[in-house]
2 protein chains.
Amino acid sequence: MRPYTQVLERLRSANLRPTRQRLALAKLLFDGGDRHITAEQLHGEAMTAGVRVSLATVYNTLHQFTDARLLREIVVDAGRSYFDTNTSEHHHFFYEDSGKLEDIPHDELHVSQVPSAPDGAVIKSVDVVIRVAAAQAAQ
Amino acid sequence: MRPYTQVLERLRSANLRPTRQRLALAKLLFDGGDRHITAEQLHGEAMTAGVRVSLATVYNTLHQFTDARLLREIVVDAGRSYFDTNTSEHHHFFYEDSGKLEDIPHDELHVSQVPSAPDGAVIKSVDVVIRVAAAQAAQ
DNA sequence: AACTACTTTAGAGTAATTCTAAATTAATCC
DNA sequence: GGATTAATTTAGAATTACTCTAAAGTAGTT
């Protein structure tokens, strides 16, 4: 269990204390490669791993990590937020049947001719979601 | 108030009876050009217009219309579904500040090199959302 | 060790949506 | 056109995901 230098630094620069709960959640989030996870799922994993942490703290932590750019929030499903440990620019497949998300590497999909934002507004992100489902009638 | 031939036909082909509530909601939805509206908003409009209809029926009707391809459901905001009266292929600007959606015509934005769906799955849609906010720190 | 500010937490509260079971209405059949 | 059957609507309860609150706990500082 080596010290998470990157996490620690990010926490410090965001003025977030490296508490037991934040470090345990960071370990669950960032030790498994690229992940897409909901708050309830992460809370479940913490419980399973024997980490005592409340659901409220999981929500707080996910939002703080998102603000600190350690996570990215993804909305693809009504009434549920996913958090993505991959913060680099990329897009997603969304499996409607299972509710799973999968990264599409940045170089495998290109959006061209992005219209400019209206006056006084700036583009915050360009999000592409390709929804897929078990083979049957498409669209 | 001419008879909504298209709506009536779609309802018929979806085995949905043209009830007072469905016809009134169809009128509110399809009489104003392209619209992006939530269930609560539509229910509010119905109330204002003096149409007696329950919120449950508004939800049922929106989903039935979506299944009948009269509407398209759009998820851009955690915990809120929008319904779009424009069912042709196009994408959206989402104004994070106001919660408003705006169409991007199909020919103004192009997604290239769409990766193919994994085996056994089909692509149901490719949705692009450009999130914009009042000018300040971008991304 | 003491102080102060930040954190965590249980549980209440909220918003959007879905469910349920009873009442209503539409379409069909004589 | 009234009776029958099946679809529809509805109020209100239930559910889900999430946020808030205020009290107790913990971290960093002196």
Side-chain angles (χ1 to χ4, degrees), chain A residues 3-4 7-28 36-47 50-68 70-71 73-83 99 101, chain B residues 3-4 7-28 36-47 50-68 70-71 73-83 99 101:
Chain A
Y4 292 153
V7 170
L8 282 170
E9 261 165 35
R10 293 292 189 95
L11 291 185
R12 198 167 353 239
S13 79
N15 275 316
L16 295 173
R17 293 180 178 173
T19 62
R20 172 178 67 75
Q21 290 87 338
R22 284 180 186 145
L23 293 175
L25 292 175
K27 183 167 160 51
L28 289 171
H36 306 91
I37 197 170
T38 66
E40 303 269 355
Q41 285 167 1
L42 181 58
H43 184 246
E45 286 195 9
M47 294 295 97
V51 175
R52 283 193 320 96
V53 60
S54 71
L55 185 57
T57 296
V58 172
Y59 274 103
N60 289 340
T61 302
L62 286 171
H63 288 131
Q64 291 155 351
F65 281 12
T66 301
D67 292 344
L70 286 165
L71 292 175
E73 187 173 357
I74 307 210
V75 180
V76 282
D77 202 6
R80 196 197 325 292
S81 272
Y82 288 81
F83 292 86
L101 275 169
Chain B
Y4 292 153
V7 170
L8 282 171
E9 262 165 35
R10 291 295 190 96
L11 292 184
R12 197 166 355 239
S13 78
N15 275 316
L16 295 173
R17 293 179 178 172
T19 62
R20 171 178 66 75
Q21 290 87 338
R22 285 181 184 144
L23 293 174
L25 292 175
K27 184 168 158 51
L28 289 171
H36 307 91
I37 197 169
T38 66
E40 303 270 354
Q41 285 167 358
L42 180 58
H43 185 247
E45 286 194 10
M47 296 295 96
V51 174
R52 284 193 318 98
V53 61
S54 71
L55 185 56
T57 296
V58 171
Y59 274 103
N60 290 340
T61 302
L62 286 171
H63 287 131
Q64 291 153 352
F65 282 12
T66 300
D67 292 343
L70 287 163
L71 292 175
E73 186 172 357
I74 306 209
V75 180
V76 281
D77 202 5
R80 200 203 315 295
S81 271
Y82 288 81
F83 293 86
L101 275 169

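Throughout, a chain's letter reflects where its sequence line sits, starting with A, and its residues are numbered from 1. Heavy-atom basis, side chains included; hydrogens, waters and symmetry copies ignored.
- Within the 4.0 Å cut-off from OP1 or OP2 of D:dT8, not a single side-chain nitrogen or oxygen of B:Q64 is found.
- As a whole-Å value, the separation of B:L55 CG from C:dA15 C1' is 11 Å.
- B:R17 has its CZ atom 5 Å from the C1' atom of C:dA26, to the nearest Å.
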Verdict with reasoning, A:Y82 to A:V76, per side-chain contact (heavy atoms from CB on, under 4.5 Å): CA-CA 8 Å; A:Y82 288 81; A:V76 282; 3.9 Å; yes
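- The distance from atom CZ of B:R20 to atom C1' of D:dA7 is 15 Å, rounded to the nearest whole Å.
- Counting to the nearest Å, the C1' atom of C:dA16 and the CG atom of B:L42 are 15 Å from each other.
- Checking the phosphate oxygens (OP1, OP2) of C:dT17, no side-chain nitrogen or oxygen of B:H63 falls inside 4.0 Å.
- Phosphate proximity of C:dT8 to A:R22: present, with a side-chain N or O under 4.0 Å from OP1 or OP2.
- OP1 or OP2 of D:dT10 sits under 4.0 Å from a side-chain N or O of B:Q21.
- Per the geometry, CG belonging to A:L11 stands 10 Å off P belonging to C:dT8, to the nearest Å.
- Straight-line distance from the NE2 atom of A:H43 to the P atom of D:dC18: 13 Å, rounded to whole Å.
- Dashed line: the shortest gap from a side-chain N or O of B:S54 to OP1 or OP2 of D:dT10 is under 4.0 Å.
- In this structure, B:D77 places its CG atom 12 Å from P of D:dC18, rounding to the nearest Å.
- Close to C:dT18, at under 4.0 Å from its OP1 or OP2, lies no side-chain N or O of B:Y59.
- Side chains of B:E73 and B:T66: a donor-acceptor N/O pair is absent below 3.5 angstrom, by distance only.
- Residue-level contact check: B:S81 touches the backbone only, with heavy atoms under 4.0 Å from sugar-phosphate atoms and none from bases.
- Positionally, the nearest nucleotide of DNA chain C for B:R80 lies more toward the 5' end than for the other of B:R52 and B:R80.
- In this structure, B:A56 and A:T19 both approach DNA chain D, and ranking their closest nucleotides by distance from the 5' end singles out B:A56.
- As a whole-Å value, the separation of A:N60 CG from D:dG25 C1' is 15 Å.
- Distance alone, capped at 3.5 Å, places no donor-acceptor pair between the B:H43 side chain and the B:A39 backbone.
- Checked by atom type, the side-chain pair B:T57/B:Q21 shows no donor-acceptor distance below 3.5 Å.
- The closest donor-acceptor contact from the side chain of B:R12 to the backbone of B:V7 lies at 3.5 Å or more, if one exists at all.
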